[in-house]
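Since this is a predicted model, take the numbers as computed values, not measurements.
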Amino acid sequence: MDEIEVIVAHRERTTLRVGEVFLKVDADSRRTAVEVEAMALAPIPTPRVLWREPPVLALAALPGTALGVLGEPSPASPAAWAAAGAVARKLHDAPLPPWPGRGPEQDAAGLDDECEWLVANGVVPADLVERNREVAEAAFRPWTPVFSHGDFQLTHVFVDGDEVTGVLDWSEAGRGDPMFDLASLTLGHEEHLDDVVAGYGADADRDVIRAWWSLRSLLNIRWLIQHGFDPAAPGCEIDVLRARM
């Protein structure tokens with residue numbers, strides 16, 4: 001072991017890789033408790049828990065590599081993306097976890113404030129905000145909760161060849177909107193939406209997935225800026241909003 005790799009670091013949590021071990025340090029120990037319980041219940045591959053000593057959770061590294069990163073072309077095959085869709089379906093078909101989660105109605109409350117902040121601070125042009133606010137409306141519809149990962153982004157899905165070897169970071173898991181997971185997976189990678197839907201099944205709603213792309217981006221940009229990330233980087237959240245024009 002020659003070095004420690006910083007995977008992510010901000011004021012709320014930090015994840016480090018030390019050899020074949022991931023160390024997650026979370027300011028809120030409730031999130032790591034949810035993560036451990038969710039991984040125990042999930043019917044899909046997850047990292048092995050080595051030990052937990054709040055605020056630190058130690059996980060064994062997964063084989064393979066992440067499906068990709070936001071803002072860069074994915075090196076994974078279409079079949080690997082379809083496999084990720086199939087894994088999402090298997091999770092969503094599982095029994096609900098015993099704790100609640102988030103749905104679009106919780107996000108609706110803060111959407112107007114975020115849109116106003118984006119325009120008032122010159123972060124995103126008003127016409128871009130208005131258009132994506134309209135697109136986001138499709139997420140606010142009747143929906144049936146499923147066992148949702150809650151942060152099913154492509155950096156959390158590991159693959160080896162065309163097979164999914166595991167899914168990381170379950171701290172946001174709970175009863176949630178299935179289309180939110182599919183939107184999180186394909187955010188910034190619209191070219192792989194058909195692959196994911198092929199693996200997931202015909203009842204994936206593309207309009208709702210696109211609505212969640214807009215909704216998630218509008219809601220997250222301020223947080224990203226305040227935590228040292230750049231939502232204006234190529235292929236990231238602001239580009240996701242532009243793609244809806």
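With respect to the salt-bridge test (charged N to carboxylate O, under 4.0 angstrom), the residues Arg222 and Asp113 do not qualify. Here Arg133 does not pair with Glu130 in a salt bridge; the nearest charged N to carboxylate O distance is not below 4.0 Å. A salt bridge is defined here as a Lys NZ or Arg NE, NH1 or NH2 lying under 4.0 Å from an Asp or Glu carboxylate O, and Arg244 with Glu134 fails to meet this definition. Ion pairing between Glu172 and Arg13 holds under the 4.0 Å rule for side-chain N and carboxylate O. Taking the charged nitrogens against the carboxylate oxygens, Asp181 and Arg89 have no contact shorter than 4.0 Å, which rules out a salt bridge. The residues Asp93 and Lys90 are annotated as not salt-bridged, no charged nitrogen and carboxylate oxygen being separated by less than 4.0 angstrom.
Clustering ILVMFWY residues whenever any of their side-chain heavy atoms sit less than 4.5 angstrom apart, transitively, puts Trp213 in a cluster other than the one holding Val135. Put simply, Leu182 and Phe158 are part of two different groups of oily side chains (I, L, V, M, F, W, Y) that touch within less than 4.5 Å, one to the next. The same ILVMFWY cluster, assembled from side-chain heavy atoms under 4.5 Å apart, contains both Ile221 and Val119. Under a hydrophobic clustering in which Ile, Leu, Val, Met, Phe, Trp and Tyr are joined whenever their side-chain heavy atoms come within less than 4.5 Å, directly or via other members, Val240 and Leu111 fall into the same cluster. In the hydrophobic clustering of this structure, Phe147 does not group with Trp143; members are Ile, Leu, Val, Met, Phe, Trp, Tyr whose side-chain heavy atoms approach within less than 4.5 Å, directly or through other members.
Although no hydrogens or angles enter the test, the distance criterion places no donor-acceptor pair under 3.5 Å between the side chain of Ser29 and the main chain of Pro55. At least one donor-acceptor pair under 3.5 Å links the side chain of Asn132 to the backbone N or O of Leu241. Although no hydrogens or angles enter the test, the distance criterion places a donor-acceptor pair under 3.5 Å between the side chain of Glu35 and the main chain of Trp170. Of the possible donor and acceptor atoms, none in the side chain of Thr15 sits under 3.5 Å from a partner among the backbone N and O of Lys24. In terms of modelled atom types and a separation under 3.5 Å, the side chain of His189 and the main chain of His192 share no donor-acceptor contact. Distance alone, capped at 3.5 Å, is enough to place a donor-acceptor pair between the Asp205 side chain and the Val208 backbone.
Side-chain contact check for Leu187 versus Phe152: every heavy-atom pair is 4.5 Å or farther apart. For the pair Asp28 and Ser171, the minimum side-chain heavy-atom distance is 4.5 Å or more. Using a 4.5 Å cut-off on side-chain heavy atoms (C-beta onward), Ser77 and Asp162 make contact.
With 3.5 Å as the limit, one finds no donor-acceptor pair spanning the side chains of Thr32 and Asp26. In summary, the side chains of Arg216 and Ser184 do present a donor paired with an acceptor at a separation below 3.5 Å, with no hydrogens or angles considered. There is no side-chain donor-acceptor pair under 3.5 Å between Thr186 and Trp81.
For the atom pair Ile209 CD1 and Leu193 CG, the distance stands at 5.0 Å (nearest 0.5 Å). Taking CG from Leu185 and NE2 from His149, the interatomic distance works out to 10.5 Å, rounded to the nearest 0.5 Å. To the nearest 0.5 Å, atoms SG (Cys236) and CG (Asn220) are separated by 12.0 Å. Here CD of Glu237 is found 12.0 Å from CZ of Arg242. Values are rounded to the nearest 0.5 Å. The distance from atom CZ of Arg17 to atom CG of Leu59, rounded to the nearest 0.5 Å, is 11.5 Å. Remark: Leu215 CG to Phe140 CZ distance equals 4.5 Å, nearest 0.5 Å.
Checked against the 6.0 Å centroid criterion, the rings of His10 and Trp223 qualify as a close aromatic pair.
Nearest heavy-atom pair, Leu96 versus Pro145, reported as atom, atom and distance to 0.1 Å: CD2-O, 3.6 Å. Scanning all heavy atoms of the two residues, the minimum distance from Leu67 to Ala76 falls at CD1-CB, 3.5 Å. Of all the heavy atoms in Pro97 and Gly174, the pair that sits closest is CG-C, 3.7 Å. In plain terms, the two heavy atoms of Arg141 and Trp212 that are nearest each other are NH1-NE1, 4.2 Å. The two atoms that bring Ser148 and Asp177 nearest to each other are OG-O, 4.3 Å, heavy atoms only. When every heavy atom of Val167 is checked against every heavy atom of Leu62, the shortest pair comes out as N-CD1, 4.0 Å.
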Legend entry - Test log, rule side-chain contact (heavy atoms from CB on, under 4.5 Å), inputs Val69 and Leu154: CA-CA 6 Å; Val69 297; Leu154 72 171; 5.7 Å; no

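Within the structure, ring-ring contact (aromatic ring centres under 6.0 Å, His included) contacts touching residues 92-117 (residues at least two apart or in different chains) are His92-Tyr200.
Counting heavy atoms of neighbouring residues, nucleotides and ligands inside a 6.0 Å radius, atom CZ of Arg48 does not exceed 12 of them. The neighbour count for Glu191 CD, taken as heavy atoms of other residues, nucleotides or ligands under 6.0 Å away, is above 12. Other residues, nucleotides and ligands place no more than 12 heavy atoms under 6.0 Å from the CD atom of Glu53. Within a 6.0 Å sphere centred on CD of Glu12, other residues, nucleotides and ligands contribute more than 12 heavy atoms.
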